[in-house]
Protein chains: 2
Amino acid sequence: MVSLKDIANECGVSVATVSKSLNDLNDVGQETKDRVREAAKKLGYFPNSSARTLKTNRSYNIGVLFVDEAQSGLTHDYFAHVLDSFKRTVEAQGYDITFINSRHNNNMSYLEHSRYRGVDGVVIACVDFFDPQVMDLIRSQLPVVTIDHVFDYRIAVLSDNIQGMHDLVEYVCDKGHRRIAYIAGDDTSVTKNRVGSFYRSLEKREISIPDEYLMYSTYRNPDLAYLKTKELLALPVPPTCIMYCDDYSALGGINAIREAGLSIPDDISVVGYDGSYIARILDPKLTTLKQDTERIGRVAAEKLIHLIENPKTTLIQRMVIDGELLEGGSVADLN
Amino acid sequence: MVSLKDIANECGVSVATVSKSLNDLNDVGQETKDRVREAAKKLGYFPNSSARTLKTNRSYNIGVLFVDEAQSGLTHDYFAHVLDSFKRTVEAQGYDITFINSRHNNNMSYLEHSRYRGVDGVVIACVDFFDPQVMDLIRSQLPVVTIDHVFDYRIAVLSDNIQGMHDLVEYVCDKGHRRIAYIAGDDTSVTKNRVGSFYRSLEKREISIPDEYLMYSTYRNPDLAYLKTKELLALPVPPTCIMYCDDYSALGGINAIREAGLSIPDDISVVGYDGSYIARILDPKLTTLKQDTERIGRVAAEKLIHLIENPKTTLIQRMVIDGELLEGGSVADLN
DNA sequence: CGTTTTAACTTAAACGTTTTCAATTGTCAT
DNA sequence: ATGACAATTGAAAACGTTTAAGTTAAAACG
């Protein structure tokens, strides 16, 4: 490893001068700067992030807490896309990311792990937001941005589930549907928002639905959605349109519907959520609400970096990111 | 930040003794050890990885090079699963992962970035393996494991594409098919293996197919697969079974087939690859070859860690990981 | 010309560890 | 009592940086 000292020797100057030259500080002569930089290149010098971090308390490393039931958000379609965009954005600014986990190894908590690695800030998504360990992190001094969940005194980036649900309900109603069912996801704040918006949007159109039309399932669980769909189809007065909490669940529902000998959208209409890849390649294309994962990840990154680089910032923001309704062919026009 | 010094003060011993106590070295009295450990817990001490890395040249950090065309393997289903398993395995052993990228920021190469972050080793997958930057990394002194590509003198973990393709062809032939087409992926070593195995397996069964039955598409590109499928269907003598390079592509093909008014599997049979989630929730279920992403990621992690912790190891291994044929309902029995 | 200012550079301490080596004690066999 | 040995501890250097404070010489000023 070639270090500042090697360059200093090569150039016959002190280590300090080398450091200042490379960091382009203004109390070193232009000529020396040039000489130093040339030598650095010649010797193949690259800085050592550990030494730098140790000295400056800035790691240019961002912690990512993406933990779902399966322990990792990586295989979670929605969050993988958000993370991808987040990663791209921070990398463009010279940051790297490190996954924060709680290692039973030497039982570090999330917060301890964050400190251990000296991350400059943390983005939190896709976790059990009531986990005491998460709360510790939230209450810490670290810069934090959360995704899809609001905490007091913390910046949050939120997919607009209320508007999204509203758009979908409006769309379905416009198509003439009145018997609309919703198979919702787990009991999270996202789900609460969507269910609330579902009811309010129907009310606005003066549509009332029986209690059985609202069912609870689990996100990304086509098997359970399949069962719930069967229940809906078996009702004395089944819905004409079923909305699902995500596209994967919708696929489970579609199977149940087809198995019952019904066709989509002629006999029954189907709506998904997420605007994931599969929605576009199903036949008929699934009408769904595309969440703007690219923007969510990017904005989260921008806000977090801003917070890191302007520590005195005290402005608590709620960034609400619009989705976009993708019209497929899965909803029949009853008009 | 509470450091060793704070504990030393608290206990009235030297920093050296504290360090040795916490690392459980054997030249410090049991009684002192206990006292030190207690104080450490009381003060809420956690080590500083930067300082440790600086001193020991061991970061317990592993570089991950997962770069596809879209710049990141995160949204790539197959690699996301491999990475997830890899991550899980290394974390259980106290390692973290850092994504290696080439930052145009200060134009660090992959190798330079790896050194900058002081990673203990690197896993490489999902890249253009002929990129000069990748070659630099391969030729470096760093411990490296590659996935799905073989380099001399480097450990590789490989999904058994040859056997996998063979299994699929055998299965299809056993079902009585003789006119079998394959829509292959990009020109990579994976593709070469599969295409080679496709032909050899057919030969073994003494089946010959027209040249037009082999087409080249792109991985995870249902739109292109859709077009290629149309071409196949338009042939004077179309195939009775079409095999696709992945499940997503198969989905594109399925749409083309249905659009042509044909039904699966009665009129034409379809086979995918990967065993991804969608294969299981399609109707009919897609017959596909499930790659053992869990095992691939785990073995890559194990081998890499072993290499890191036993630097003198010189054994170059090729770990070939079996897949598993998942039988769906997408292949007709012609017997 | 003497004084102050500025520019260019160096010294040295510090960040939090690990690790070598030396120092101090106590124990035990002779 | 003496020397040898083991057990325990501490001092200090080192890893590669950054940075506050200090030094020197030249330039600017009145």
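Being a predicted model, the structure only gives us computed values, none of them experimental.
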Sorted by number, residues from residues 4-15 of chain A placing a heavy atom under 4.0 Å from DNA chain C are V13(A), S14(A)
Between P47(A) and K33(B), just flag the one whose closest nucleotide in DNA chain D comes earlier from the 5' side.
K33(B)
Please determine if a side-chain N or O atom of S50(A) lies less than 4.0 Å away from the OP1 or OP2 oxygen of dC15(D).
no
With a cut-off of less than 4.0 Å, is there a side-chain N or O of T56(A) near OP1 or OP2 of dT18(D)?
no
For [X] and [N], what is the distance between atoms [atom1] and [atom2] respectively, to the nearest whole Å?
X       : N       : atom1 : atom2 : result
L43(A)  : dG16(D) : CG    : P     : 14 Å
D34(B)  : dT9(D)  : CG    : P     : 11 Å
R52(A)  : dC15(C) : CZ    : C1'   : 15 Å
K55(A)  : dT18(D) : NZ    : P     : 10 Å
D27(B)  : dT18(C) : CG    : P     : 13 Å
Y116(B) : dT17(D) : OH    : C1'   : 11 Å
L54(B)  : dA13(D) : CG    : P     : 17 Å

Considering only heavy atoms from C-beta outward, does the side chain of [X] approach that of [Y] to under 4.5 Å?
X       : Y       : value
H113(B) : L65(B)  : no
T32(B)  : R35(B)  : yes
Y110(B) : I124(B) : no

Compare the minimum distances between each of dT10(C), dG16(C), dT9(D) and the side chain of A51(B), then state the nucleotide with the smallest one.
dG16(C)
Any donor-acceptor N or O pair under 3.5 Å, side chains Y78(A), D148(A)
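Indeed, the side chains of Y78(A) and D148(A) share at least one donor-acceptor pair under 3.5 Å.
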Going by heavy atoms closer than 4.0 Å, what residues in residues 19-26 of chain B are next to DNA chain D?
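Residues of residues 19-26 of chain B under 4.0 Å from DNA chain D: K20(B).
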Quick check on side chain to side chain contact (heavy atoms under 4.5 Å, CB included): which of L137(B), L142(B), D136(B) does R139(B) satisfy it with?
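The residue from L137(B), L142(B), D136(B) that satisfies side chain to side chain contact (heavy atoms under 4.5 Å, CB included) with R139(B) turns out to be D136(B).
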Of the non-hydrogen atoms in R37(A) and S21(A), which two are nearest, and what is the gap between them?
NH2-O, 3.2 Å
Using a heavy-atom cut-off of 4.0 Å across all strands, would you classify S3(B) as base, sugar-phosphate, or nothing?
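Contact class for S3(B): sugar-phosphate only.
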Tell me whether D120(A) contacts the main-chain N or O of I62(A) through its side chain, where contact means a donor paired with an acceptor under 3.5 Å.
no
Take atom CD of Q30(B) as the centre, draw a 6.0 Å sphere, and report whether it contains more than 12 heavy atoms from other residues, nucleotides or ligands.
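Check passes, neighbour count above 12.
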Name the residue closer to the 5' end of DNA chain C, choosing between N48(B) and A16(B) according to the nucleotide with the nearest heavy atom.
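Its nucleotide being nearer the 5' end, the pick is N48(B).
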Under the salt bridge (charged side-chain N to carboxylate O under 4.0 Å, His left out) rule, what do E38(A) and K42(A) come out as? Steps first, then yes or no, please.
CA-CA 6 Å; E38(A) 204 165 330; K42(A) 182 180 131 205; over 6 Å; no
